[in-house]
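Excluded from the calculations below are hydrogen atoms, water molecules and symmetry mates; all remaining heavy atoms, backbone and side chain alike, are included. Below, chain A is the first sequence line, B the second, and so on; all start at residue 1.
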There are 2 protein chains.
Amino acid sequence: MARPPAAREKILAAYCAIVSSEGERAATLEATAARAGVSKGGLLYHFKSKDALADGVLDGLRQAAEADLDRMRQSPEGPSRYFVRTSVETGTELDTFFVVVMRLAAGQHPGAAEALAAVHGSWWQLIREEVGDDAVADAIMLLGDGMYHHAAMPGSSAPGSTAGYFRGRLDAVLDQVDELRALARSRTSPDAG
Amino acid sequence: MARPPAAREKILAAYCAIVSSEGERAATLEATAARAGVSKGGLLYHFKSKDALADGVLDGLRQAAEADLDRMRQSPEGPSRYFVRTSVETGTELDTFFVVVMRLAAGQHPGAAEALAAVHGSWWQLIREEVGDDAVADAIMLLGDGMYHHAAMPGSSAPGSTAGYFRGRLDAVLDQVDELRALARSRTSPDAG
DNA sequence: GTCTATAGTAAGATAGAC
DNA sequence: GTCTATCTTACTATAGAC
């Protein structure tokens with residue numbers, strides 16, 4: 001909070017935009033600075049090194065994930081449906097950070113894999129609490145991860161909208177979620193109402 | 001066929017190994033040559049440029065995918081179960097190529113995204129033929145993709161073995177596949193035996 | 001806080017010996 | 001077919017002016 005400098009935010013956003021659309025390799029200091037509208041020296045005033053830039057993204061992911069977790073918790077449709085439905089949303093703040101951190105993890109950036117695992121673990125826990133069954137929680141996570149896998153797959157993402165592959169299919173997948181939730185209910189209370 | 005030079009294969013394997021374990025950026029010509037046991041010049045005799053090296057991987061994926069498709073087609077358990085079961089296998093020839101091509105696609109390598117989409121489309125078609133229902137074919141693919149997403153997620157892969165996250169959970173997911181197949185049968189022939 | 005200029009390094013690729 | 005030596009380019013990072 002405390003309103004960080006606007007330039008810093010612009011630089012971070014520029015870096016994320018390049019990494020997710022053209023790959024980590026294309027996100028050089030010069031390219032990032034140019035897109036943010038500053039010079040190389042200007043960028044390096046806010047981020048001492050390229051690693052510091054990547055660390056800034058890790059922090060961004062943690063914050064965006066926390067905010068998303070709150071929405072997921074308070075969602076009227078329940079965490080499971082919320083998770084699967086939002087897993088195909090591309091272009092959101094959380095998705096942007098998530099994609100970038102995945103790329104960083106692929107490049108062995110320290111802490112990136114751990115940050116991803118932490119976010120994923122939080123999602124699982126919320127779903128597990130809702131459905132009350134490990135296997136069903138796993139299956140629901142897999143549906144969401146599978147859809148995310150497509151949405152994030154290079155070539156299929158269309159920033160700001162649901163990925164083309166799943167337009168019209170999301171409803172069917174959400175039905176599967178409902179069926180899985182019902183299955184979990186019948187397992188945990190086979191004789192209760 | 002016609003037995004390509006052994007050095008060529010070693011170079012391609014070295015490149016794949018570095019890309020998947022340390023990221024595309026670490027797979028420099030020098031690092032690749034060193035791991036393959038040749039010099040930079042020796043490498044460049046077999047692959048004229050770095051792009052040629054990447055193109056070699058695309059060819060490798062196409063060949064490995066074709067072989068896998070045959071096995072999937074002839075699998076006694078059926079394409080669906082075969083697909084989901086093998087989606088967590090890391091370290092196979094197909095998986096190695098697939099991971100590398102995903103990294104190349106993330107870096108906007110020409111043809112990489114298309115190659116992935118082609119492989120994925122072939123898998124879907126086989127499953128669609130088996131289950132006879134679009135939505136169920138989608139859901140099964142999602143389970144497999146979701147598991148693959150985990151298995152391929154940096155930090156969780158353990159070459160040569162099933163990813164740790166799903167040890168013991170695969171059976172539960174395969175049960176979900178069976179339930180989905182049954183669901184498809186009840187849809188396509190609601191009154192037949 | 002942002003710029004230009006530049007040092008230092010590492011990468012991809014070529015040439016020619018063996 | 002494989003090597004060493006070298007050229008060229010591009011990237012990270014520093015220094016110091018404004």
Partner residues of Arg25(B) under the salt bridge (Lys or Arg N to Asp or Glu O under 4.0 Å) criterion, sequence neighbours left out: Glu24(A)

Bending between helix ends of the helix from dG1(C)-dC18(D) to dC18(C)-dG1(D) [5 pairs per end, 10° resolution]: 10°

Listing time: all N or O pairs from protein to nucleotides 10-14 of chain C that are below 3.5 Å?
residue : atom : partner  : partner atom : Å
dG12(C) : OP1  : Lys50(B) : NZ           : 3.0
dG12(C) : OP2  : Leu29(B) : N            : 2.9
dA13(C) : OP2  : Lys50(B) : N            : 2.8
dA13(C) : N6   : Lys40(B) : NZ           : 3.3

His109(A) vs Leu58(A), side chain to side chain contact (heavy atoms under 4.5 Å, CB included): CA-CA, chis, key distance, verdict: CA-CA 10 Å; His109(A) 184 89; Leu58(A) 292 193; 4.3 Å; yes

Presence of salt bridge, Asp133(B) and Arg128(B), under 4.0 angstrom: no

Side-chain N or O of Tyr45(A) closer than 4.0 Å to phosphate OP1/OP2 of dT2(C): no

Distance in angstrom units between Ile18(A) CD1 and dC11(D) P, rounded: 11 Å

Nucleotide dG1(D), atom P - distance to CZ of Arg8(B) in whole Å: 12 Å

Minimum heavy-atom distance Val100(B)-Val19(B), with the two atoms named: CG1-CG1, 4.0 Å

Partner residues of Ser80(B) under the side chain to side chain donor-acceptor pair (under 3.5 Å) criterion, sequence neighbours left out: Glu130(B)

Non-neighbouring partners of Glu179(B) that pass side chain to side chain donor-acceptor pair (under 3.5 Å), sequence neighbours left out: none

Same apolar cluster: Leu43(A) and Ile18(A), side chain cutoff 4.5 Å: no

ring-ring contact (aromatic ring centres under 6.0 Å, His included) involving Tyr148(B) - partner list, sequence neighbours excluded: His149(A), Phe98(B)

